[in-house]
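The chains referred to below are lettered A, B, ... by the order of the sequence lines, with proteins before strands, and numbering in each begins at 1.
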Amino acid sequence: MNDLIELLNEKQKQAVLSESQFSLVLAGAGSGKTKTLTTRIIYLIEELYVNPRNILAVTFTNKAANEMKERVCSYSQKDLPLTVKTFHSFGAYILRLEASLAERNQYFQIYDDDDSKKLISEIIKKFDIAKSNLGTIKSWISKYKQCLEDYSKMEYKDQTYLEIYKRYNKALKDANCFDFEDLLLQPVKIFSNYEEVLKKYQRHYQYILIDEYQDTNLSQYQLIKYLVGQNNSLMVVGDEDQSIYRFRGADVSIILNFTEDFFGGEVIKLEENYRSTSNILNLANSVISNNKFRLGKELFTKGLDGDKIILFDCYDEEDEARKIISLILGEHLTYKDTAILYRINNQSRAFESILNKNKIPYTVVGSIAFYEREEIKDAISILKWLVNPQDKIAFERFVNKPVKGIGEKALVHFYEESQNFNNDLFVTMQNIDSVKNLTKKTKDGFIKIYEVFKDKESVIARKTVDELIDYYLDNLGLTEYFKTKDEKENTDKIANIKEFISSIKYKTSGLDTLLLFLEEFSLSASTLKDNGQNTGTVKLMTVHNAKGLEFENIFVSGMESDIFPHRNSIHDEEGLEEERRLFYVAMTRAKRKLFISFCNNRNSFGYMEQKDPSKFLYELKIDYLELKYLSKSAINTLGFKGNKTLSTNFLKKINFQIGDFVRHKDYGTGKIINIKEKNGKNLVTVDFLDYSLMDFVLEFTKLEKLSDR
DNA sequence: TTCCTGCAGATTTTT
DNA sequence: TCTGCAGGAA
Ligand SMILES: Nc1ncnc2c1ncn2[C@@H]1O[C@H](COP(=O)(O)OP(=O)(O)OP(=O)(O)O)[C@@H](O)[C@H]1O
């Protein structure tokens with residue numbers, strides 16, 4: 001144990017050994033907050049002989065939770081029963097045990113945003129509300145739950161919304177489901193209503209530790225406030241400059257008010273950064289210091305200056321991807337130590353396609369796109385409905401697929417009758433004769449479904465999760481349905497299902513495993529596929545997803561106005577400052593090399609749009625920058641007077657040779673017949689099939705290469 | 001009442 | 001480029 005502690009600096013040690021009941025570690029990026037928290041857990045177990053059962057550690061993502069637990073256990077070299085979860089998975093865990101106190105049973109399922117939206121859209125049909133308001137209402141409801149149903153906190157007040165809210169919750173209850181916000185709200189309600197239950201959990205979790213406390217929202221805070229009783233110890237760590245989840249209700253003032261909320265709390269500040277070179281740190285600091293709403297803090301490193309940060313501009317997003325690739329190859333960056341970060345998910349497209357073309361292995365981290373495919377959602381819905389036959393949203397995904405005459409109206413009659421059977425849709429099918437107004441065809445459809453599921457209990461007991469998916473997709477006719485679709489529309493649905501099935505780790509049969517699988521899927525679908533096969537790949541992710549991570553080499557891409565800061569966040573100062581914090585988080589992920597790029601044009605909905613550099617780029621201090629790959633015009637625009645010349649060498653390296661076939665957006669396909677230098681740029685001559693010869697300045701033109709080498 | 005097709009409109013960030 | 005859904009055919 002001492003060996004571990006000796007590796008820490010004085011401030012970190014102070015935190016690990018702290019005897020205060022409440023303590024806050026407030027420190028900048030890369031100062032070892034997570035490491036300190038983890039070491040403290042080990043210290044509690046190994047030195048203070050705290051029973052691991054009595055420890056609750058809360059992390060921001062499930063991945064971080066697994067890693068933290070893994071670290072603690074590997075130090076002790078055994079599987080310890082400590083609880084490391086996200087707020088949401090902790091909430092789900094409590095609800096699973098106390099479901100009846102929240103009017104559910106233990107088989108409840110968790111609705112994702114899509115499911116919630118479907119439920120809401122059913123409800124607003126009965127109101128005079130346009131479909132286009134669905135998104136607004138969904139976020140209103142989320143917000144209302146996040147602030148613990150405090151109507152005075154809602155900016156927009158509307159009695160109709162409240163009425164919808166009531167019906168929505170009733171529908172959730174009838175479906176025996178919770179939405180994501182419920183996972184926090186309902187435990188808080190339980191704790192406030194049932195004192196003896198609260199006491200039980202207070203006794204259980206004597207030591208509570210929370211990472212990334214700056215991104216806590218009110219319901220999470222209240223949950224902790226309840227859990228921390230007279231005798232509980234609490235340590236939180238965070239950095240107000242890294243608060244980036246305001247859109248989810250995160251409130252920085254919660255961390256700033258810590259010493260008042262938890263009276264007498266000790267505050268420990270870590271000021272030494274162990275992650276980044278000093279150029280990276282200084283550059284990041286030059287940006288974040290533009291924020292007004294911050295405490296301001298010291299952050300230094302004893303490390304090397306390191307390389308200067310390379311700032312470069314690109315013609316468009318594909319050019320950006322190509323340049324990043326040539327930098328990765330040119331600078332000999334190891335794939336696995338390299339991450340490309342971006343503001344919005346769809347920026348990954350260009351990177352993926354160009355990385356693919358160049359056969360560079362990559363992993364998109366935290367992308368849920370795969371799990372949002374029709375076939376995957378259908379498979380999951382079947383499983384969800386198997387354990388929870390009250391779930392209409394799940395039922396509707398497969399009940400009429402392939403078509404068997406069960407439409408909207410038929411379902412209305414069916415659901416009406418289901419109320420007499422405790423909303424159990426399986427039992428309702430069993431009693432299909434009592435459903436009125438069904439045509440013969442429709443009724444036969446229901447009977448068909450019933451036949452497939454009538455022995456579901458024994459099938460669940462017998463089959464593993466992957467076998468269940470296979471079995472029911474086959475029997476419901478979905479496999480056949482997808483096969484036909486694959487052929488007709490040239491999709492890969494069957495292949496996707498195969499891939500999904502093979503990624504399932506659970507290999508035992510039975511209801512318990514199924515429940516476990518579904519809970520993990522609902523809470524962290526995006527990390528499911530992270531199965532160790534991703535070593536040796538370049539990582540692609542949003543900046544939000546990079547929170548808490550570190551890489552040797554970081555590319556921060558798409559630093560353009562409207563994207564970063566995002567156009568929807570620039571209307572108030574707080575939004576803008578949050579975007580700046582996001583940029584700060586992005587830069588401080590880098591240990592050794594940092595690259596920042598932006599495009600002068602970007603495709604959006606098939607149109608090429610001209611782009612301006614992000615306003616944050618003007619805040620970068622030139623002392624820490626390497627501008628050799630930045631175009632002259634960009635140097636002028638950004639007001640960098642360094643006046644370095646553009647390296648033509650760099651661009652040549654990327655690609656084009658005489659003899660290459662290329663495609664131009666307007667002129668079609670052609671062959672490069674000449675390349676020459678002109679004013680420091682590359683002038684290419686292309687012989688187009690449908691046009692005559694054309695000259696282009698390579699740097700200013702989008703030419704797609706058709707053949708490789 | 002169900003099914004199919006063409007077209008308008010969409011993209012912030014996530015547990 | 002992709003997707004959901006309105007509107008009309010069956
Ligand atoms: N005392 C130390 N000596 C050497 N390395 C350290 C020390 N403390 C932390 N580190 C290293 O510094 C890096 C950053 O640590 P950690 O991720 O815990 O920081 P953090 O404050 O949680 O960062 P962030 O807030 O940016 O997520 C890690 O690689 C960690 O191993």
Problem set entry | Earlier contact from the 5' end, DNA chain B, for A:Tyr245 and A:Asn400 |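 The residue mapped nearer the 5' terminus is A:Asn400.
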Exercise. Quick one: on DNA chain B, does A:Ser604 or A:Ala410 contact a more 5' nucleotide (nearest heavy atom)?
Worked result: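 By nearest-heavy-atom nucleotide position, the 5'-most residue is A:Ala410.
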For this session: State whether the number of non-hydrogen atoms from other residues, nucleotides or ligands found under 6.0 Å of A:Lys377 atom NZ is greater than 12.
Result: yes
[X] has an atom [atom1]; how far is it from atom [atom2] of [N], in whole Å?
X: A:Leu582; N: B:dT12; atom1: CG; atom2: P; result: 15 Å
X: A:Tyr93; N: B:dT15; atom1: OH; atom2: P; result: 22 Å
X: A:Asp492; N: C:dC2; atom1: CG; atom2: P; result: 13 Å
X: A:Gln347; N: B:dT13; atom1: CD; atom2: C1'; result: 11 Å
X: A:Lys443; N: B:dT2; atom1: NZ; atom2: P; result: 16 Å
X: A:Tyr213; N: B:dT15; atom1: OH; atom2: P; result: 20 Å
X: A:Lys401; N: B:dC4; atom1: NZ; atom2: P; result: 13 Å
X: A:Leu134; N: C:dT3; atom1: CG; atom2: P; result: 18 Å

For this session: For residues A:Phe521 and A:Tyr371, establish whether the separation of their ring centroids is below 6.0 Å.
Result: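 Judged by ring-centre distance (under 6.0 Å), A:Phe521 and A:Tyr371 do meet the cut-off.
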Just N and O in the side chain of [X]: are any of them under 4.0 Å from OP1 or OP2 of [N]?
X: A:Asn346; N: B:dA10; value: no
X: A:Asn345; N: B:dT12; value: no
X: A:Asn62; N: B:dT15; value: no

For this session: Could you verify whether a donor N or O on one side chain and an acceptor N or O on the other, from A:Asn217 and A:Lys145, lie under 3.5 Å apart?
Result: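 Result is no, nothing qualifies.
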Exercise. Any Lys/Arg nitrogen of A:Asp562 or A:Arg602 sitting under 4.0 Å from an Asp/Glu carboxylate oxygen of the other?
Worked result: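 The answer is no: the pair does not qualify as a salt bridge.
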Exercise. Hey, does A:Glu408 reach any base, or is it just sugar-phosphate, or nothing, if we go heavy atoms under 4.0 Å?
Worked result: sugar-phosphate
Exercise. Checking all strands, does A:Ser569 fall into the base, sugar-phosphate, or nothing category for heavy-atom contacts under 4.0 angstrom?
Worked result: base
Exercise. Can A:His544 be called stacked on B:dT13 when the rule is centres closer than 5.5 Å and an angle between planes below 30°?
Worked result: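 A:His544 ring does not meet the centre or angle cut-off for B:dT13; no stack.
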Exercise. Would you call A:Phe247 stacked on B:dT14, i.e. ring centres under 5.5 Å apart with the planes less than 30° off parallel?
Worked result: no
For the side chain of [X], starting at C-beta, report the closest nucleotide among [options].
X: A:Lys409; options: B:dT1, B:dT12, B:dT15; value: B:dT1
X: A:Arg349; options: B:dT15, B:dT14, C:dC2; value: C:dC2
X: A:Thr542; options: B:dT15, B:dT12, B:dT14; value: B:dT14

Exercise. Which word best sums up how the rings of A:Phe178 and A:Phe108 line up, parallel for under 30°, tilted for 30 to 60°, or perpendicular for over 60°?
Worked result: perpendicular
